[in-house]
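Working notes, structure below.
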Number of protein chains: 2
Amino acid sequence: MLFASKTPTESEIVYLLKEHEINPTYQRVLIARLLFVGRTHVAAEDVFRAVNKDSPNVSKATVYNTLGLLAQKGVIREVIADPDRVFYDPNTSPHHHIYDEISGELTDIDAKEVSVTNLPALPDDVELQGVDIVIRVRRNRKK
Amino acid sequence: MLFASKTPTESEIVYLLKEHEINPTYQRVLIARLLFVGRTHVAAEDVFRAVNKDSPNVSKATVYNTLGLLAQKGVIREVIADPDRVFYDPNTSPHHHIYDEISGELTDIDAKEVSVTNLPALPDDVELQGVDIVIRVRRNRKK
DNA sequence: GCGGCGGTTTATACTTACTCTAAATGCTCT
DNA sequence: AGAGCATTTAGAGTAAGTATAAACCGCCGC
Ligand SMILES: [Mn+2]
Ligand SMILES: [Mn+2]
Ligand SMILES: [Zn+2]
Ligand SMILES: [Zn+2]
């Protein structure tokens with residue numbers, strides 16, 4: 001979901017959540033806004049820290065529940081690339097990832113820049129959820 | 001690494017480990033053999049259970065350390081697809097995976113059956129470790 | 001055979017990411 | 001205000017994996 005502004009307003013976020021049949025509570029709006037303002041790949045613990053930076057605002061359970069809910073409703077996307085944590089991605093347009101095994105950082109690659117062909121036909125009792133490409137790299141630290 | 005026999009002998013495993021500069025201890029041979037006989041994708045806890053099924057043979061630490069060592073030396077491969085655990089794969093030939101989000105099962109797809117083209121050029125301070133494709137599906141349980 | 005020595009394994013404690021539970025809070029309708 | 005449902009919360013619990021420090025093993029020189 002793309003916004004006209006780089007930093008969507010609270011009411012734009014409220015609208016986005018409603019569109020996806022999510023009741024826009026204080027905590028959900030706060031978390032969603034953080035994601036869409038930051039436009040980066042974040043883990044749940046990052047969100048927990050950010051959202052409680054100044055004052056205690058949102059519990060850990062709510063952070064996890066909200067990220068799960070947003071992902072399930074399609075507002076954001078889960079990325080499984082790091083063996084230690086799930087990343088959440090506000091970019092829901094078709095794209096893939098470069099994963100740096102050293103820093104743990106994820107970078108987007110537009111799906112148009114990669115083509116995957118000849119995917120095998122799937123048995124008809126399976127429902128395709130998505131095709132994820134992860135390019136695993138190691139960026140050499142310090143020259 | 002392919003074996004003539006479907007069930008490699010102990011000495012074939014010993015040779016395989018030596019080839020990869022791994023000292024073939026009792027525990028390492030046991031674990032590697034289990035992987036290459038089973039020829040499936042297994043998590044560390046699966047290996048721990050299997051290897052200690054009858055009598056206590058190998059500690060948890062050694063299971064984790066050995067799987068890590070085998071992967072690092074290229075005898076087996078790690079697969080990151082399930083958010084809850086790392087899978088280890090005795091199939092090191094180029095291939096990709098179908099991941100069933102419901103059962104947690106992984107299935108191989110030969111790399112020849114898929115083509116990925118137009119991968120973006122990587123900055124020259126990054127070393128490519130591999131390109132992993134995961135096809136996420138849900139197999140509908142019970143008609 | 002004995003002592004030493006590096007490499008390996010072990011039990012066990014610990015950490016980290018995440019889930020569960022049951023109570024408290026809030027929101028809406030009457 | 002009170003009922004009823006949705007949501008949030010603190011805190012306990014789980015599961016995968018890591019760290020630590022002691023024990024053990026295989027080999028070598030004596
Ligand atoms: Mn981990
Ligand atoms: Mn997990
Ligand atoms: Zn992304
Ligand atoms: Zn495989």
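Keep in mind that what you see is a predicted model, and the values were worked out from it rather than measured. Chain A is the first sequence line, chain B the second, and so forth, proteins listed ahead of strands; every chain is numbered from 1.
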For the side chain of B:Gln27, starting at C-beta, report the closest nucleotide among C:dT9, D:dA6, D:dG17.
-> C:dT9
Given that B:Arg28 and A:Ala61 both sit by DNA chain C, which one's nearest nucleotide is further toward the 5' end?
-> B:Arg28
How close or far is atom P of C:dC27 from atom OH of A:Tyr26, stated in whole angstroms?
-> 13 Å
Starting at atom CG of A:Asp84, determine the distance to atom C1' of C:dC14, rounded to an integer number of angstrom.
-> 15 Å
Count the heavy atoms of every other residue, nucleotide or ligand shown that sit under 6.0 Å from CD of B:Glu105, and state whether that count exceeds 12.
-> no
Rounded distance in Å - CG (B:Leu17) to C1' (C:dT8) = 14 Å
Looking only at side-chain N and O atoms, does A:Tyr64 come under 4.0 Å of OP1 or OP2 in C:dT19?
-> no
How is A:Asn57 classified with respect to the nucleic acid when contacts are heavy atoms under 4.0 Å: base, sugar-phosphate, or nothing?
-> sugar-phosphate
Side-chain-base donor-acceptor pair under 3.5 Å for B:Lys60 and D:dG17 | yes
What integer distance in Å separates A:Asp46:CG from C:dC18:C1'?
-> 14 Å
Between side-chain atoms of residues 60-69 of chain A and protein atoms elsewhere (two or more places apart, or another chain), which donor-acceptor pairs fall under 3.5 Å?
| from | atom 1 | to | atom 2 | distance (Å) |
| --- | --- | --- | --- | --- |
| A:Thr62 | OG1 | A:Ser59 | OG | 3.1 |
| A:Tyr64 | OH | A:Glu45 | OE2 | 2.6 |
| A:Asn65 | ND2 | A:Ala61 | O | 3.2 |
| A:Thr66 | OG1 | A:Thr62 | O | 2.7 |

Considering just the side-chain nitrogens and oxygens of A:Asn65, establish if one lies under 4.0 Å of OP1 or OP2 belonging to D:dT8.
-> no
Rounded distance in Å - CZ (A:Arg85) to P (C:dA17) | 7 Å
Taking only the side-chain nitrogens and oxygens of A:Thr62, find out if one of them lies under 4.0 Å from OP1 or OP2 of D:dT9.
-> yes
Would you please classify the geometry between the A:His41 ring and the A:His95 ring as parallel, tilted or perpendicular, with 30° and 60° separating the classes?
-> tilted
Output yes when at least one side-chain N/O atom of B:Ser59 is less than 4.0 Å from OP1 or OP2 of C:dT9, else no.
-> no
Taking B:Arg136 for the side chain and A:Asp132 for the main chain, is one N or O donor matched with an acceptor at less than 3.5 Å?
-> no
Calculate the interatomic distance between B:Phe48 atom CZ and C:dT9 atom C1'; express it in whole Å.
-> 13 Å
For the residue pair B:Thr9 and B:Ser11, confirm or rule out a side-chain donor-acceptor distance under 3.5 Å.
-> yes
Once you round it to whole Å, what is the distance between P of D:dT18 and CG of B:Leu67?
-> 11 Å
Distance test, side-chain N/O of B:Thr25 to OP1/OP2 of C:dG7, below 4.0 Å = no
